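See structure below.
Chain A is the first sequence line, chain B the second, and so forth, proteins listed ahead of strands; every chain is numbered from 1. FYI, side chains are in, hydrogens and waters are out, and symmetry mates aren't considered; it's all heavy atoms of this structure. As the structure is a computational prediction, the values presented were derived from the model and not from experiment.
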Protein chains: 2
Amino acid sequence: MTPLEAARACGRVDSLFDAEFFKAMSDATRLRLLSCLTKCRRPCSVTELTECCSVDFSVVSRHLGILERAGLLTSSKEGRTVFYEVRYRHLSDTFQALARSFDVPERKTKNPGKTRIGRRS
Amino acid sequence: MTPLEAARACGRVDSLFDAEFFKAMSDATRLRLLSCLTKCRRPCSVTELTECCSVDFSVVSRHLGILERAGLLTSSKEGRTVFYEVRYRHLSDTFQALARSFDVPERKTKNPGKTRIGRRS
DNA sequence: TGCATAGTTGCGTCACCATGCAATTATATC
DNA sequence: GATATAATTGCATGGTGACGCAACTATGCA
């Protein structure tokens with residue numbers, strides 16, 4: 001299969017390759033927030049989460065919003081306080097599916113059935 | 001555990017939370033290249049891979065370099081041609097580990113045993 | 001009603017990055 | 001050596017995003 005053919009055969013794998021999802025995880029501050037929140041194993045407020053990183057409160061609020069919109073967190077409001085929580089199941093399932101999409105394949109030649117460059121023994 | 005305590009307890013999970021890795025996967029063009037290359041299940045040249053996306057050849061070359069430096073691809077040169085290949089095992093293992101780090105925990109309360117928000121017992 | 005707390009949003013700034021084009025390097029072929 | 005092909009790199013540009021500050025909204029409390 002050529003890359004072009006692969007591009008045309010956009011199967012179920014592609015839905016996993018969501019740039020927005022990875023973009024949400026591509027910032028060090030957001031990863032720290034996600035990491036802390038994951039370790040806490042309980043919902044945390046924005047104020048609490050601001051303690052674990054060295055940026056402005058408003059920045060934390062924005063980052064949490066980004067993580068939520070990307071599907072990594074959920075939020076619930078109680079009075080003035082907003083609690084963010086990790087979507088454990090969703091993330092576990094997503095990464096599990098990603099792992100499967102990279103299951104080691106049978107080794108194939110670079111140019112199957114050809115005599116040109118890249119031919120394996 | 002508070003987020004601050006979680007931040008101080010930087011354990012093995014954090015090494016998985018590598019911003020560079022996710023940044024490499026946060027661009028639509030790079031994801032397309034990775035997807036095509038994964039589906040091909042064989043090493044492909046830069047020229048081949050240029051067919052599957054609508055950007056300049058030089059851009060593809062740069063993206064493949066980024067993916068390689070981030071540990072997602074390996075390259076090998078044969079004559080004038082550079083072949084890029086997916087690091088299937090590495091990616092499978094990485095995502096597997098990420099999935100495990102989000103294994104669904106026992107449900108805990110927001111404020112275990114206390115009346116004030118975020119305060120530790 | 002007045003004030004304090006929790007959080008979001010607007011705005012300006014700075015840095016980074018994706019892109020295309022052109023120049024360059026490296027290798028193969030004539 | 002001359003030329004063609006494969007790929008990388010320099011450079012300019014336009015766009016995006018992280019950040020801090022300030023203003024604003026929303027809720028709780030006296």
Side-chain angles (χ1 to χ4, degrees), chain A residues 2-4 17 19-34 37 43-70 72-85 110-111 114-119, chain B residues 2-4 19-34 37 43-70 72-85 110-111 115-119:
Chain A
T2 68
L4 183 56
F17 285 35
E20 288 310 308
F21 175 79
F22 293 111
K23 200 173 292 179
M25 297 193 73
S26 70
D27 178 79
T29 304
R30 281 196 293 273
L31 280 180
R32 187 167 182 86
L33 289 167
L34 183 63
L37 202 43
C44 294
S45 68
V46 181
T47 301
E48 271 187 306
L49 286 164
T50 301
E51 293 174 14
C52 76
C53 45
S54 55
V55 295
D56 193 78
F57 183 80
S58 67
V59 175
V60 173
S61 172
R62 248 184 275 260
H63 279 315
L64 292 171
I66 290 170
L67 288 169
E68 184 182 20
R69 281 189 293 278
L72 287 83
L73 305 180
T74 54
S75 68
S76 56
K77 193 168 184 180
E78 294 189 10
R80 290 175 294 194
T81 307
V82 175
F83 287 96
Y84 284 93
E85 184 174 18
K110 290 176 183 174
N111 295 302
K114 303 265 290 210
T115 55
R116 294 216 24 240
I117 286 176
R119 176 98 169 139
Chain B
T2 68
L4 181 57
E20 289 310 309
F21 175 79
F22 293 111
K23 200 174 291 178
M25 298 193 71
S26 71
D27 177 80
T29 304
R30 282 197 292 273
L31 279 180
R32 188 168 182 85
L33 289 168
L34 182 65
L37 201 45
C44 294
S45 69
V46 181
T47 302
E48 271 187 307
L49 287 163
T50 300
E51 295 174 12
C52 77
C53 45
S54 55
V55 295
D56 193 78
F57 183 80
S58 67
V59 174
V60 172
S61 172
R62 247 185 276 260
H63 279 314
L64 292 171
I66 290 170
L67 289 169
E68 184 182 19
R69 282 190 293 278
L72 287 83
L73 305 181
T74 54
S75 68
S76 56
K77 194 169 183 178
E78 294 189 13
R80 291 175 295 196
T81 308
V82 175
F83 287 96
Y84 283 93
E85 184 174 18
K110 291 175 185 176
N111 299 299
T115 52
R116 281 214 34 219
I117 287 173
R119 186 83 159 79

Check: residues 52-62 of chain A side-chain donor-acceptor pairs under 3.5 Å, at least two apart:
from	atom 1	to	atom 2	distance (Å)
A:Asp56	OD2	A:Ser58	N	3.0
A:Asp56	OD2	A:Ser58	OG	2.8

*Using a 4.0 Å heavy-atom cut-off across all strands, classify B:Val55 as base, sugar-phosphate, or nothing.*
sugar-phosphate
*OP1 or OP2 of D:dA7 sitting under 4.0 Å from any side-chain N/O of B:Thr47?*
yes
_Gap between atoms CG and C1', on B:Leu73 and D:dA7 respectively (whole Å)_ = 16 Å
*Send over the distance from B:Asp56 CG to D:dT9 P, rounded to a whole Å.*
15 Å
*Tell me which residues in residues 61-69 of chain B put a heavy atom below 4.0 Å from DNA chain D, sorted by number, or none.*
B:Ser61, B:Arg62
*Treat primed atoms plus P, OP1 and OP2 as sugar-phosphate and everything else as base, then score nucleotides 25-30 of chain D 5' to 3': B for base contact with protein heavy atoms under 4.0 Å, S for sugar-phosphate contact only, - for none.*
-SBS--
*From B:Phe83 atom CZ to B:Leu64 atom CG, the distance as rounded to the nearest 0.5 Å*: 13.0 Å
*asked:* When you measure from the side-chain N and O atoms of B:Ser58 to the phosphate of D:dA7, is any distance below 4.0 Å, counting only OP1 and OP2?
replied: no
*asked:* Once side chain to side chain donor-acceptor pair (under 3.5 Å) is applied, do any residues pair with B:Ser75, and if so which ones, sequence neighbours excluded?
replied: B:Glu68
_Please report the distance, rounded to the nearest Å, between CG in A:Leu31 and P in D:dA18._
11 Å
*Specify the separation, in whole Å, of atom CZ of B:Phe57 and atom C1' of C:dT25.*
13 Å
*Atom CG of B:Asp27 and atom P of D:dG17: how far apart are they, to the nearest Å?*
11 Å
*What's the NZ-C1' distance between B:Lys23 and C:dC16, to the nearest Å?*
8 Å
*Between B:Tyr84 and D:dT8, does any side-chain N or O lie under 4.0 Å from OP1 or OP2?*
yes
*What integer distance in Å separates B:Leu33:CG from C:dT19:C1'?*
14 Å
*Check ring-ring contact (aromatic ring centres under 6.0 Å, His included) between A:Phe21 and all other residues, then give those that pass, not counting sequence neighbours.*
A:Phe95
